[in-house]
Amino acid sequence: KTARQIELDINRTFPYNKELATTAGRDALRHLLRRYAVRNPAVGYVQGMGFIGAVLILHLDKADAFCAFCHVIETLYPPNFFSESLFGLRVELATFGELVSEKLPRLSAHFDASGVAPQLYATQWFMTLFSCVMPWETIVRVWDVILCDGIRAVHGIGIALLKSAEVSLLQCVDQQQMLYTLQL
């Protein structure tokens with residue numbers, strides 16, 4: 001089951017990246033993800049992990065990428081983040097929602113009025129450490145902060161992204177517009 005899910009996701013992970021589009025690139029990512037699933041069967045594989053693995057494979061040799069991947073999944077993220085229930089992710093998203101309410105109260109009220117919960121826009125941010133929503137040059141810099149400061153940095157970066165888009169988001173009239181704006 002895990003191997004099948006990894007296979008489905010391999011081609012969806014940065015499909016336009018020249019290195020990952022090669023057989024060698026896909027094989028390296030496949031090997032890292034399968035090896036991790038064997039190492040930690042309690043976690044196995046969860047969608048989003050492929051993006052983390054891919055960023056590491058593109059910047060490190062295979063052995064270092066695997067060690068870094070283990071560190072990120074097992075140390076940087078809180079316990080149960082990647083559990084079957086995604087309990088840790090749900091806790092972090094609830095915490096993030098509280099931070100949005102505290103730091104950006106007008107935007108939070110606007111989100112609430114339109115039914116925009118953090119689960120709708122921040123799940124991908126947390127699961128992939130922003131690797132799906134930022135240019136490569138930015139990802140490297142953002143990851144430096146995340147690797148030094150941990151999950152707390154993910155919250156801060158998320159707040160910064162919302163703050164930079166706040167004016168545009170406050171002009172949106174419905175949930176669909178807001179979610180579209182958050183994808184840009």
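We use all heavy atoms of the structure for the numbers below, so side chains are in, but hydrogens, waters and symmetry mates are not. Numbering of residues begins at 1 and proceeds along the displayed sequence. No experiment lies behind these values; they were computed from the predicted model shown.
Note on Leu170: it clusters hydrophobically with Leu99, by side-chain heavy-atom contacts below 4.5 Å among ILVMFWY residues. Residue Val145 is not grouped with residue Val154 when hydrophobic side chains (ILVMFWY) are merged at heavy-atom distances under 4.5 angstrom, including chains of intermediate members. A single hydrophobic cluster is not seen to contain both Val91 and Trp125; linkage of ILVMFWY side chains at heavy-atom distances under 4.5 Å, directly or through other members, places them apart. When the side chains of ILVMFWY residues are joined at heavy-atom separations under 4.5 Å, either directly or via intervening members, Leu60 and Leu58 end up in a single hydrophobic cluster. Cluster annotation: Val43 is not connected to Phe87 through the hydrophobic network of ILVMFWY side chains, with a link wherever side-chain heavy atoms come within less than 4.5 Å.
With contacts defined as side-chain heavy-atom distances shorter than 4.5 Å, the pair Asn11/Arg26 qualifies. Here the side chains of Phe81 and Val46 are not in contact, with every heavy-atom distance at 4.5 Å or above. Between Phe66 and Arg39, some side-chain heavy-atom pair lies under the 4.5 Å cut-off. The shortest distance between side-chain heavy atoms of Ile157 and Leu129 does not fall below 4.5 Å. At a threshold of 4.5 Å between non-hydrogen side-chain atoms, the residues Ile151 and Glu92 count as touching. Within the 4.5 Å cutoff, no side-chain heavy atoms of Thr95 are placed close to those of Glu98. At least one side-chain heavy atom of Leu162 sits less than 4.5 Å from a side-chain heavy atom of Leu182. Residues Ile57 and Phe69 have side chains not in contact (no heavy-atom distance under 4.5 Å, counting atoms from C-beta outward).
For the pair Arg12 and Asp9, the salt-bridge criterion is met [side-chain N within less than 4.0 Å of a carboxylate O]. Between Arg4 and Glu7, none of the side-chain N atoms (NZ, or NE/NH1/NH2) sits under 4.0 Å from a carboxylate O, so this pair counts as no salt bridge. The residues Arg141 and Asp144 are annotated as not salt-bridged, no charged nitrogen and carboxylate oxygen being separated by less than 4.0 angstrom.
Checking side-chain atoms of Arg90 against main-chain N and O of Gln119 turns up no donor-acceptor pair under 3.5 Å. In this structure a side-chain-to-backbone donor-acceptor pair under 3.5 Å is missing from Thr138 to Met134. At distances below 3.5 Å, at least one donor-acceptor pair connects side-chain atoms of Tyr77 with backbone N or O atoms of Met127. Looking at Asp174, its side chain does come within 3.5 Å of a backbone N or O of Gln177 through a donor-acceptor pair. For Thr75 (side chain) and Val72 (main-chain N/O), no donor-acceptor pair under 3.5 Å exists by modelled atom type. In this structure a side-chain-to-backbone donor-acceptor pair under 3.5 Å is present from His110 to Leu169. For the pair Arg30 (side chain) and Ile10 (backbone), a donor-acceptor distance under 3.5 Å is absent. Between the side chain of Asn80 and the main chain of Ser83, no donor-acceptor pair closer than 3.5 Å is present. With hydrogens and angles ignored, the 3.5 Å screen pairs no side-chain donor or acceptor of Ser114 with any backbone N or O of Phe111. No side-chain donor-acceptor contact under 3.5 Å links Asp149 to the backbone of Arg152.
Closest approach of Trp143 to Leu56, counting heavy atoms only: CZ3-CD2, 3.7 Å. Between Leu29 and Gly50, the shortest heavy-atom contact is CD1-O, 3.6 Å. Taking all atoms of both residues into account, the shortest heavy-atom contact from Val55 to His59 is O-ND1, 2.8 Å. Smallest separation of non-hydrogen atoms from Leu120 and Gly115: CD1-O, 3.5 Å. Between Gly97 and Pro118, the shortest heavy-atom contact is CA-CG, 3.6 Å. Of all heavy-atom pairs spanning Thr181 and Ser168, the tightest one is CG2-CB, 4.0 Å.
No cation-pi contact links Arg34 to Tyr45, judged by a cut-off of 6.0 Å to the six-membered ring centre and 45° from its axis.
Here the NZ atom belonging to Lys62 is positioned 10.5 Å from the CG atom belonging to Leu32, to the nearest 0.5 angstrom. From Asn17, atom CG reaches atom CG of Leu20 across 4.5 Å, with rounding to the nearest 0.5 Å. Once rounded to the nearest 0.5 Å, the distance linking CD of Glu166 with CG of Leu161 reads 13.0 Å. Summarising the geometry, atom NE2 belonging to His31 is positioned 11.5 Å from atom CD1 belonging to Ile6; distances are rounded to the nearest 0.5 Å. For the atom pair SG of Cys132 and CZ of Phe51, the computed distance is 3.5 Å after rounding to the nearest 0.5 Å.
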Start with the C-alpha distance between Tyr121 and Phe96, add both sets of side-chain angles, then the distance that settles side-chain contact (heavy atoms from CB on, under 4.5 Å), and finish with yes or no. CA-CA 11 Å; Tyr121 63 89; Phe96 185 69; 3.7 Å; yes
Please lay out, stage by stage, how Tyr36 and Glu74 fare under the test side chain to side chain donor-acceptor pair (under 3.5 Å). CA-CA 11 Å; Tyr36 185 77; Glu74 297 170 4; 3.0 Å; yes
Evaluate His155 against Phe126 for ring pair (Phe, Tyr, Trp, His ring centres under 6.0 Å), listing each step before the verdict. CA-CA 8 Å; His155 291 278; Phe126 280 78; 5.0 Å; yes
Output, in order, the C-alpha distance, side-chain angles, deciding distance and verdict of side-chain contact (heavy atoms from CB on, under 4.5 Å) for Gln5 and Leu8. CA-CA 5 Å; Gln5 188 61 53; Leu8 289 172; 4.2 Å; yes
